Amino acid sequence: MTKKTRPVDRRHVLRLIGAIAVYGATALQFLGGFAKRASGSVAAKASAAGSFPTASYDWTKHRWGFGVDATRCIGCLSCVTACKTENGVSMDPHHFRTWVERYVYLEGEERPRVDSQADAGDIAASSGSVDAYRFDDRDDRNVEKAFFVPKLCNHCANPPCVQVCPVGATFRTADGVVLIDQDYCIGCRYCVQACPYGSRSFNEALGVADKCTWCYHRITKGLKPACVEACPVGARIFGDLDDPQSDISQFIRVNRVNVLKPEMGTHPSVYYVGINRDVR
Amino acid sequence: MPKHIVRLVVLLAAAGVLALAVKIYLVPHSFWTYGHFRAKSVTEIASDAPVYQGARSCASCHSPEFTAWSASQHRVNCEDCHGAAGRHPQVGTLVPPANADTHQRLMDARYGLVTGKMRVPTDTVQLCTQCHAAIAGRPATQPQIAVRQHAGTQQCIACHSPHAPKIVFPPIPKAALVGSAVTGKVAAAPCAGCHGANGKSLTPEFPNLAGQQRAYLVGALEAYRTGARKAPMMNEMAASLSATDIANVAAYFSGLGRQTPTAVRLVSDAGSDKASAAACTTCHGEGGISGNRVVPNLAGQSETYLTAALEAYRIGTRQDALMSRIAHGLSAADIKQLAAYYAGLTCGGAKTSPACKAAP
């Protein structure tokens, strides 16, 4: 019995070449993508490409950091208003990119109650604090101790929100800012769930996730974030960690700073002074 | 090659071509340029226009306010109270393109808040207490008030300039600490013609001086001497006094007993007078006896003199940053009522008050 073999004709060879070309090209594309991801940091890639993201700002030349001096905060919420105005955040009390918490220790209680402008935290409020963005309508008679803690996105070096994004709509820039590409976000809210600090919210109007950008459009023009600009008591400090003379470098050098939830391994870039172990 | 293998190869090849096409068409161009994201989005975010413009941008047009603010300790950004400047002072509307994308819509939402017109807060009680109401948790270094006790229903700007709100009293002059009442009595002889031998004025146009705050008297005489405060007769009298004379004269008059006022007359019921005087008490004391040595006592002062003084502050012939601001907001009727109220207050009515007792 002789084995029947079909002759290798021209048509088959051409088909084979076509297939190899198609598969090869596809494979190269994907491999190229992975190679890019694997080869070096974002910063290294960026520096090779010249000034990015804008002509006048090179993101490889900065490493931004933020400081909060909670001992100075007076809870006036100017920062919240400024942030909302600057970034077009909804003015209702349940949407915000930065917020201020008041830790209140009532007489005879060991654990603090966390009071915010949107929620009086079981501390009797005399009137509609929800609309007013104020802390001055609370019944403070039984308060033994209290302090304010401004909060915002920690712009973690190891951000859980970026890890979970299924489409690559959120990322950390070379200068250390975690951003959302709101044109690309599919609104699945995984990142809102993933953030251990509650720093992300959902923008119902646009159907996308929303978060603090450290006013990336300002800092890339040499300005400070709106909340830092607005703070009347200097409780918010911002600057370049790579510049030893910047406000933030001096703040970290002079003070014994903490970060929130260090045990999460997120490596936050917001440094706190004047908080205690109950602040998380 | 068997036919079924060839079919499989062709099928896979077609799938490969399809996958490549899908990738090319669906993955944004700049994806993977710097990582697993669209690099172009960073440029888009960075290109947004700032809304908060910072205090510096206000300086060129609003220089008087900017200067006052810069010199004060009240370094609250202009936009905290007046709202974000955005595209102020240019007025106009941003027309979004018909095919506005998400990003563009965000920008519009942002500019929608800014109409080119700045906010001038009218309810300063509401505004200022945002930082200055006493709340548990505010650091002790922050000036805080219990609003009701501090000013009743008065607006903050009745006394405080919004741009430089700290009220700065002149320092207590050294002369107010060294004068001698005995020598002063001699030097004060010419004063008696109008102010009375014992500091109780003979005519209602001239103020009583008995028991007046010593530092205030020194300050007033100095101001007359230099011409900072204008009254022809007093300028002339004060010009002949040396610094030592001033110290002595002040010591003499301040040491005289404050007694029943010359005119005890109330034009309206005392309750409403007291309410209208609420803003005065912070400096001039609850019973018209000042707790601040550079601020004059008002209790038992001549009504005519008080009316004239307030009127002078109101129209600007007498100048004082704080008093001018307060008097500017008073009507003629208010002035009359306040003058009558303070003229009617007696030290006798408040004998128990420490301020009254302290005055010899």
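By convention in this document, chain letters (A, B, ...) are assigned in the order of the sequence lines, proteins followed by strands, and residues within each chain are numbered from 1. All values below were derived from every heavy atom in this structure, side-chain atoms included, with hydrogens, water molecules and symmetry-related copies excluded. Predicted, not measured: the structure shown is a model, and the values here were computed from it.
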Between chain A and each of B:Gln142, B:Gln144, B:His132, count heavy-atom pairs under 4.5 Å; write down the option with the most. B:Gln142
Less than 4.0 angstrom from a charged side-chain N to a carboxylate O is my criterion; do A:Arg11 and A:Asp9 meet it? no
Would you tell me whether A:Glu101 and A:Tyr103 have side-chain atoms, one donor and one acceptor, within less than 3.5 Å of each other? yes
Picking from A:Ala226, A:Ala169, A:Ser78, which has the most non-hydrogen pairs under 4.5 angstrom with chain B? A:Ser78
Chain A: which of B:Leu20, B:Val9, B:Val42 shares the most heavy-atom pairs with it under 4.5 Å? B:Val42
At a 4.5 Å cut-off on heavy atoms, which part of A:Val167 comes close to chain B: side chain, backbone, both, or neither? backbone
Do side-chain atoms of A:Tyr57 reach the backbone of A:Ser51 as a donor and acceptor pair under 3.5 angstrom? no
Between B:Thr141 and chain A, with a heavy-atom cut-off of 4.5 Å, which part of the residue counts as in contact: side chain, backbone, both or neither? neither
So which part of A:Cys73 gets closer than 4.5 Å to some heavy atom of chain B, the side chain, the backbone, both or neither? backbone
Can you tell me if NZ on B:Lys40 sees more than 12 non-hydrogen neighbours from other groups inside 6.0 Å? no
Measure up the A:Phe171 and B:Phe37 rings against each other and bin them: parallel (under 30°), tilted (30 to 60°), perpendicular (over 60°). parallel
Going by atom types alone, do B:Thr33 and B:Arg38 pair a side-chain donor with an acceptor below 3.5 Å? no
Measure A:Ile74 against the heavy atoms of chain B and call it side chain, backbone, both or neither at under 4.5 Å. both
Is the backbone of A:Val143 close enough, under 3.5 Å, to the side chain of A:Asp140 for a donor and an acceptor to pair up by distance? no
Got a salt bridge between A:Glu229 and A:Arg218, using NZ or NE/NH1/NH2 to carboxylate O under 4.0 Å? yes
Listed by number, the residues in residues 60-81 of chain B that come under 4.5 Å of chain A (heavy atom to heavy atom) are B:Arg75, B:Val76, B:Asn77, B:Asp80
Between A:Gln182 and A:Asn203, does any side-chain donor sit less than 3.5 Å from a side-chain acceptor? no
Can you check whether A:Tyr216 and A:Trp64 have ring centres sitting under 6.0 Å from each other? no
Structural part of B:Ala39 lying under 4.5 Å from a heavy atom of chain A: both
B:Val147 portion near chain A, given a 4.5 angstrom heavy-atom threshold: neither
Chain B contact via A:Lys145 - which portion, at a heavy-atom distance below 4.5 Å: neither
Is the distance between the ring centroids of A:Phe135 and A:Phe148 under 6.0 Å? yes
Tell me, for A:Ile219 versus chain B, whether the close heavy atoms (under 4.5 Å) come from the side chain, the backbone, both or neither. neither
Establish, from distance only, whether the side-chain atoms of A:Asn276 and A:Tyr105 form a donor-acceptor pair under 3.5 Å. yes
Identify which part of B:Ala133 has an atom lying under 4.5 Å from any heavy atom of chain A, answering side chain, backbone, both or neither. side chain
As an exercise: rank A:Pro232, A:Pro53, A:Cys215, A:Ala19 by heavy-atom pairs under 4.5 Å with chain B and give me the winner. A:Pro53
